[in-house]
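Below, all heavy atoms of this structure are taken into account, side chains as well, without hydrogens, waters or symmetry copies. Since we're looking at a predicted model, the values are computed, not measured. Every chain is numbered from 1 and lettered A, B, ... according to where its sequence line falls, protein lines coming before strand lines.
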Number of protein chains: 2
Amino acid sequence: MVAKRTTIRDIAEAVGVSTALVSFALNDDNKKYRVSDEMVRKIRSVAHEMNYQPNSAAKSLRSGKTDTIGVILSDISNRFFADIARCIEDEASEAGITVMIGSTDENPKKFERLVDVFINKGVDGFIIVPCEKSEHVVRRLVEAKVPVVLIDRTYEDLDVSSVTLNNRKATSLAVNELYAQGFRKIHFVTYHTTISNIVDRETGYVESMKKCGLEDEISVRKIKYENILENMRSLIPQMLDGGTEALIFSTNRLAIDSLVVLREIGKKVPDDVAVIAFDGSETFAFDLYYTTVSYVKQPIEKFGTEAFSVLSRLIKTGDTRDYKSVVLHPELIVQESSRKRK
Amino acid sequence: MVAKRTTIRDIAEAVGVSTALVSFALNDDNKKYRVSDEMVRKIRSVAHEMNYQPNSAAKSLRSGKTDTIGVILSDISNRFFADIARCIEDEASEAGITVMIGSTDENPKKFERLVDVFINKGVDGFIIVPCEKSEHVVRRLVEAKVPVVLIDRTYEDLDVSSVTLNNRKATSLAVNELYAQGFRKIHFVTYHTTISNIVDRETGYVESMKKCGLEDEISVRKIKYENILENMRSLIPQMLDGGTEALIFSTNRLAIDSLVVLREIGKKVPDDVAVIAFDGSETFAFDLYYTTVSYVKQPIEKFGTEAFSVLSRLIKTGDTRDYKSVVLHPELIVQESSRKRK
DNA sequence: TAAAAATGCTAAAACGATTAAACTAAAGAA
DNA sequence: TTCTTTAGTTTAATCGTTTTAGCATTTTTA
């Protein structure tokens with residue numbers, strides 16, 4: 001905190017009026033409270049001269065508002081979440097709201113601790129990427145009537161606002177494209193998890209395979225969140241040996257590490273195997289590959305803007321029962337990696 | 001802010017004592033203020049039962065401390081800064097300190113506004129990646145005795161703590177490696193800017209070219225921060241036509257976009273031109289290239305940890321005159337892109 | 001010309017915590 | 001027995017704002 005700041009009382013003394021009047025004049029309450037225009041001008045100019053900066057601790061204490069929101073993500077150093085954070089930050093800054101950010105690393109303990117810390121700091125609301133096994137924490141918030149918006153994932157049986165992707169449609173788009181290109185042995189690589197968005201992507205894959213009449217070709221391979229590259233080194237060759245013609249990945253990370261492995265073992269995309277990745281947020285990574293990579297694109301900015309707008313309303317109205325689910329739509333970016341060569 | 005929170009007064013009433021005693025008991029002041037062990041136990045258990053969360057606005061108002069620091073970066077969606085932010089966050093969380101993050105986009109106006117907002121929120125100190133033409137803003141902070149640590153870049157004639165890379169050494173390493181490999185026409189691509197770290201990288205290039213006796217081969221090409229890819233599309237072919245044998249880039253972004261262009265125009269690395277990039281933070285992008293890319297590696301985590309540790313001391317001692325410059329060391333990661341083929 | 005309304009301002013309480021100072025009761029010293 | 005310590009607790013001020021209720025004036029209305 002800065003050394004000896006100007007307070008409202010200092011201004012009051014300098015001008016020779018009460019602190020109340022200064023407060024009225026500095027806030028736009030001067031209409032409501034009938035302060036003379038001349039006085040408003042005087043007070044504001046003195047405040048400016050004395051470089052007055054309101055003490056927000058005092059403000060918060062009085063008003064119960066902090067104009068601060070807590071944003072809890074999986075990992076801020078992951079591009080997808082960083083982009084979302086950036087979006088939220090921009091929206092918030094526009095609205096004069098400050099953002100506190102924390103990363104959970106998908107760890108329920110860290111998640112709970114972050115929630116406590118932010119509650120403690122008195123945030124006005126939360127934007128949260130919830131992690132596995134943390135439904136109770138979010139439930140507690142909802143029950144305490146704390147404004148909350150979940151993004152990227154949600155808990156089905158919780159009455160809470162959310163902004164998510166239509167994940168089933170996302171993988172469905174991928175399957176259909178590959179099917180249309182003539183691929184049949186289309187296989188899916190994903191994480192071992194119960195997180196809703198990842199699960200939905202799997203469901204989407206399975207369902208659309210069935211719709212395409214490829215029920216017998218369905219193959220879902222799941223790996224752990226740790227040592228992805230290592231896991232891929234054994235999984236990918238094994239799948240190719242098994243006759244896989246096309247690969248769909250449920251996340252960006254999985255796709256990238258697989259591409260690395262494919263290069264390592266000298267397999268060509270899409271000649272040896274077609275690929276559709278998830279998430280264009282790291283497009284530039286794909287740009288460097290010898291072939292351009294098709295991928296399911298999420299409207300990243302919208303996650304941020306929508307979440308912020310829903311949260312703002314929640315905070316403003318104070319009616320946390322009035323929750324709302326926003327579902328965003330994926331787009332398939334078709335490039336070379338999913339083309340069938342004869 | 002959460003609906004009707006338990007206050008210290010609620011606890012006091014529940015236990016039937018004064019609020020002062022509750023405060024003593026909850027803080028470890030019970031030694032200093034001689035509260036009976038039994039009472040401490042009782043108060044703490046009631047506080048726990050009532051799910052007491054101290055109101056930090058009140059705490060801050062009283063103490064003038066917020067246990068919050070402001071972190072101002074160039075752009076949180078840039079991997080390099082996101083990694084640093086992540087590091088700072090981890091350190092801070094360990095120490096029970098909350099972080100507020102903002103991005104300047106290298107825009108002095110945004111920078112100044114962020115500083116004002118954070119000051120306003122009463123942060124205890126700043127970690128800042130300063131942008132061009134903002135020396136006066138940082139100076140004002142320093143003069144107001146606000147704890148500040150600059151990272152990545154600094155202002156030479158400001159008495160302020162900083163954590164920076166030895167940038168001259170960084171490019172020097174690159175030049176020497178290329179020279180040792182037998183390259184002579186080693187050229188440097190950088191931004192048009194006065195930001196200290198970028199300028200130092202140029203200086204390092206020029207100086208070590210001279211030391212290698214390659215004074216006549218020195219060539220520095222500068223481009224604007226906007227439309228990098230477009231700029232590269234015209235610059236790179238032009239340089240190759242001019243006989244460039246090896247390229248050194250002053251940043252990651254420049255390197256990546258150039259690699260994209262080189263692929264587009266069908267030039268092979270390192271056969272047609274050798275490349276040394278800057279910053280390994282997006283290594284995975286390089287992993288996908290047909291050839292692995294050599295680069296100057298910055299110790300990213302150290303930027304975060306060192307900056308936080310310096311800032312902590314600054315805040316604790318309150319002696320902002322006791323500033324300190326930490327200089328970190330780059331490492332050259334040699335891979336295929338800088339190898340001379342015969 | 002008195003009553004009513006509008007205008008411009010102030011006093012003081014409140015928000016929730018911390019803390020210096022004071023107070024009480026019991027224990028120890030003289 | 002009286003005085004001094006010590007332990008355990010309370011009182012009340014304080015941090016910087018906001019805001020309700022109310023006090024003088026002046027202006028309008030009837």
Exercise for review: Nearest whole angstrom, please: distance from the P of D:dC15 to the CZ of A:Arg5.
Suggested key: 15 Å
Practice item. Verify the contact: side-chain N or O of B:Ser18 to OP1 or OP2 of D:dT10, cut-off strictly under 4.0 Å; return yes or no. Key: yes
Review point. Counting side-chain heavy atoms from CB outward, which of C:dT19, D:dT17, C:dA17 is closest to B:Phe24?
Key: C:dT19
Study note, to complete from the structure: Taking for B:Ser63 and for B:Ser36 the nucleotide of DNA chain D with the nearest heavy atom, the one nearer the 5' end belongs to B:Ser36
Check your understanding: Quick one: which of C:dG16, C:dC9, C:dT19 gets closest to the side chain of A:Arg34?
Key -> C:dC9
Exercise for review: In whole angstrom, give the distance that lies between atom CG of A:Asp37 and atom C1' of C:dT7.
Suggested key: 12 Å
Exercise for review: From the options D:dT17, C:dT19, C:dC9, select the nucleotide whose nearest atom is closest to the side chain of A:Tyr52.
Suggested key: D:dT17
Check your understanding: Starting at CG of B:Asn27 and ending at P of C:dA20, how long is that distance when rounded to a whole Å?
Key -> 13 Å
Study note, to complete from the structure: In terms of heavy-atom contacts, B:Glu132 and B:Pro108 come closest through O-CG, 3.4 Å
Review point. Atom CG of B:Asn120 to atom C1' of D:dT17: distance rounded to whole Å?
Key: 13 Å
Practice item. Begin with the C-alpha distance, continue with both residues' side-chain angles, and end with the deciding distance and a verdict on salt bridge (Lys or Arg N to Asp or Glu O under 4.0 Å) for B:Asp157 and B:Arg139. Key: CA-CA 10 Å; B:Asp157 41 349; B:Arg139 185 187 302 278; 5.1 Å; no
Point to revise | 5' precedence on DNA chain D between B:Gly16 and A:Ala20 (nearest-nucleotide basis) | key: B:Gly16
Exercise for review: With the side chain of B:Leu21 defined as its heavy atoms from C-beta on, choose the nearest nucleotide among D:dT9, D:dT11, D:dT20.
Suggested key: D:dT9
Exercise for review: For the side chain of B:Val17, starting at C-beta, report the closest nucleotide among D:dT10, C:dG16, D:dA12.
Suggested key: D:dT10
Point to revise | NZ (B:Lys302) with more than 12 external heavy atoms under 6.0 Å | key: no
Study note, to complete from the structure: Separation of D:dT10 atom P from B:Ile11 atom CD1, nearest Å, is 14 Å
**Study point:** Beyond-backbone contact of B:Tyr323 with B:Val160, side-chain heavy atoms, under 4.5 angstrom
**Key:** no
Point to revise | Whole-Å distance separating the CG atom of B:Leu61 from the P atom of D:dT17 | key: 9 Å
**Study point:** Rounded distance (nearest 0.5 Å) linking atom CG of B:Asn120 with atom CG of B:Asp116
**Key:** 7.5 Å
Revision key, fill the gap. Rounded to whole Å, CD1 of A:Ile43 lies from P of C:dT10 at a distance of 8 Å
Revision key, fill the gap. Winner on side-chain proximity to B:Asn55, out of D:dG8, C:dG16, C:dT7, is C:dG16
Review point. Atom CZ of A:Arg9 to atom C1' of D:dA13: distance rounded to whole Å?
Key: 13 Å
